[in-house]
K.L.:
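Dropping the structure in here first, questions after.
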Amino acid sequence: MLQGLVLVPAMGAIAAPNMPPDVADLLPGTFSNEEQVYFDKDAGRKAAPWMSLRISIDDGNLMLEQIDAKGKAIVDAQEIAVSNTGKRSLISVGHCGRYFDRTEGGWTYSAMQNRMACQQAFQIIAITRESITLQLNNGTETILKRARPVTCWAAIPKSKAKEDGDTDWLFSKDLKLHDQGGRVTVGGGDSGAEAVTLRMRAVHWPPPSTNRPSMVLYIHKDDPDRAASYSWADIDASRVGLNLRWMQASCTIEGAERVSGD
């Protein structure tokens, strides 16, 4: 039987100030290896398959889902059980339990493990404030960065003008995605406007590139890989917007918002 979220703190254990939080506090979030896959392909290296995970708390239980770029679950959710014992924790995904050690950099796969054979497509081997590292069943590793939620609005012209001849706009707000390759599509169907997909990335170029880290908003039409257009801002920006005349959009990075004058 699958276990729910179980926290068993060590008696009297107090984490040092430079140590990471309990692993159960680090796990919730949305994670994607969008950046690693992009830059591996760009450098001509063999890239890991694109992956994204969402770990959430549902009725007190930690739940793990593998999702697509639009946040839709693509496999059944699995429960995660966590047993904390100070410097070592047991993380069980489904029936498979593995030990992790607390270090200054985060939680890492422990040298001490039980011998239970686990048949999994992937297993978590490291957890930090910034990312989760997975080992795939072929032995390779991939890093999924923690995503920040993003909320956007978009305006797209409808194909049929208003009765007075002015452009009729489809306006959509509260569009949800994230900054690690998250996507959301507006229009299409019976909306009267063509389908347009927004995608966000927090881009940190690897050496030897001297490009500065940037928040990038991409607009896709027919090609899911090549953007029709894009705009960018400083990595610490709270908003990224664009006006292409034929469409407009603005996205706010949650947690980075600043009031006027800041």
Side-chain angles (χ1 to χ4, degrees), residues 3-37 39-40 45 47-49 51-57 60-66 78-118 120-149 178-181 202-207 213 235-236 255:
Q3 298 294 317
L5 171 63
V6 181
L7 302 181
V8 186
M11 295 300 294
I14 299 177
N18 59 344
M19 285 297 200
D22 286 345
V23 70
D25 295 327
L26 285 178
L27 282 170
T30 298
F31 304 84
S32 166
N33 67 351
E34 172 98 359
E35 294 306 289
Q36 183 184 29
V37 170
F39 286 113
D40 279 348
R45 297 186 293 266
M51 295 182 67
S52 184
L53 302 179
R54 178 170 57 224
I55 302 175
S56 56
I57 301 175
N61 298 329
L62 279 173
M63 304 296 296
L64 181 150
E65 298 174 286
Q66 191 171 349
Q78 292 181 287
E79 291 189 46
I80 303 177
V82 178
S83 179
N84 286 336
T85 56
K87 292 185 178 181
R88 177 165 291 151
S89 289
L90 176 69
I91 300 177
S92 298
V93 180
H95 67 280
C96 185
R98 290 292 181 258
Y99 288 103
F100 288 77
D101 294 329
R102 191 198 300 257
T103 68
E104 290 188 9
W107 290 85
T108 59
Y109 199 66
S110 177
M112 186 196 80
Q113 296 294 340
N114 60 45
R115 299 305 177 187
M116 179 187 296
C118 296
Q120 294 180 301
F122 61 84
Q123 61 178 304
I124 299 171
I125 60 172
I127 306 107
T128 72
R129 291 180 174 88
E130 294 79 27
S131 65
I132 283 179
T133 302
L134 303 181
Q135 184 178 72
L136 308 182
N137 56 10
N138 63 3
T140 61
E141 297 179 8
T142 185
I143 299 173
L144 281 63
K145 290 188 175 181
R146 186 184 301 273
R148 291 183 297 175
H178 60 74
D179 71 350
Q180 292 298 318
V203 183
H204 294 262
W205 280 269
I235 193 67
D236 294 322

K.L.:
Quick one: closest heavy-atom pair of Arg146 and Pro28, and the distance?
P.N.:
NH1-O, 2.8 Å

K.L.:
Output the distance between atom OG (Ser110) and atom CD1 (Ile91), rounded to the nearest 0.5 Å.
P.N.:
11.0 Å

K.L.:
Which pair of non-hydrogen atoms, one from Pro20 and one from Glu104, has the smallest distance, and what is that distance?
P.N.:
CD-O, 4.1 Å

K.L.:
Checking the side chain of Trp107 only, and the main-chain atoms of Pro21 only, is there a donor and an acceptor separated by less than 3.5 Å?
P.N.:
yes

K.L.:
Just by distance, no angles: are the side chains of Thr142 and Gln36 close enough, under 3.5 Å, to form a donor-acceptor pair?
P.N.:
yes

K.L.:
What is the distance from atom CD of Gln66 to atom CD of Gln78, rounded to the nearest 0.5 Å?
P.N.:
9.5 Å

K.L.:
With rounding to the nearest 0.5 Å, note down the distance linking CE in Met51 to CD1 in Ile143.
P.N.:
13.5 Å

K.L.:
Looking at OG1 of Thr133 and CG of Leu144, how far apart are the two atoms once the value is rounded to the nearest 0.5 Å?
P.N.:
8.0 Å

K.L.:
Side chain to side chain contact (heavy atoms under 4.5 Å, CB included) between Thr108 and Ile125: does it pass, once the steps are laid out?
P.N.:
CA-CA 6 Å; Thr108 59; Ile125 60 172; over 6 Å; no

K.L.:
Is it true that a side-chain atom of Ser32 and a backbone atom of Gln180 form a donor plus acceptor pair closer than 3.5 Å?
P.N.:
yes

K.L.:
Do you know which two heavy atoms are closest between Ala48 and Leu136, and how far apart they sit?
P.N.:
CB-CD1, 4.4 Å

K.L.:
Report the C-alpha distance between Leu27 and Ile132 in whole Å, list the side-chain angles of each, state the deciding distance to 0.1 Å, and finish with yes or no for side chain to side chain contact (heavy atoms under 4.5 Å, CB included).
P.N.:
CA-CA 8 Å; Leu27 282 170; Ile132 283 179; 4.3 Å; yes

K.L.:
For the side chain of Asp22 and the backbone of Ala24, is there at least one donor-acceptor N/O pair under 3.5 Å apart?
P.N.:
no

K.L.:
Is it the case that atom OH in Tyr99 sees more than 12 heavy atoms from other parts of the structure closer than 6.0 Å?
P.N.:
no

K.L.:
Kindly indicate, with the supporting measurements, whether the criterion salt bridge (charged side-chain N to carboxylate O under 4.0 Å, His left out) is fulfilled by Arg54 and Glu65.
P.N.:
CA-CA 5 Å; Arg54 178 170 57 224; Glu65 298 174 286; 3.0 Å; yes

K.L.:
Which distance, rounded to the nearest 0.5 Å, do you find between the CZ of Arg129 and the CG of Asp25?
P.N.:
10.5 Å

K.L.:
Measure across Trp205 and Phe39 and return the closest heavy-atom pair with its distance rounded to 0.1 Å.
P.N.:
CD1-CE2, 3.5 Å

K.L.:
Applying side chain to side chain contact (heavy atoms under 4.5 Å, CB included) to Glu141 and Leu134, what does each step give before you reach the verdict?
P.N.:
CA-CA 6 Å; Glu141 297 179 8; Leu134 303 181; over 6 Å; no

K.L.:
Taking all non-hydrogen atoms of both residues into account, name the closest pair between Phe122 and Leu64 and its distance.
P.N.:
CZ-CD2, 4.3 Å

K.L.:
Hey, could you give me the NE2/OG distance between His95 and Ser92, rounded to the nearest 0.5 Å?
P.N.:
10.0 Å

K.L.:
Do side-chain atoms of Asp179 reach the backbone of Ala147 as a donor and acceptor pair under 3.5 angstrom?
P.N.:
no

K.L.:
Shortest non-hydrogen contact from Ala111 to Asp101?
P.N.:
N-OD2, 4.3 Å

K.L.:
Give the C-alpha distance, both sets of side-chain angles, the deciding distance and a yes or no for side chain to side chain contact (heavy atoms under 4.5 Å, CB included) between Lys145 and Asn33.
P.N.:
CA-CA 6 Å; Lys145 290 188 175 181; Asn33 67 351; over 6 Å; no

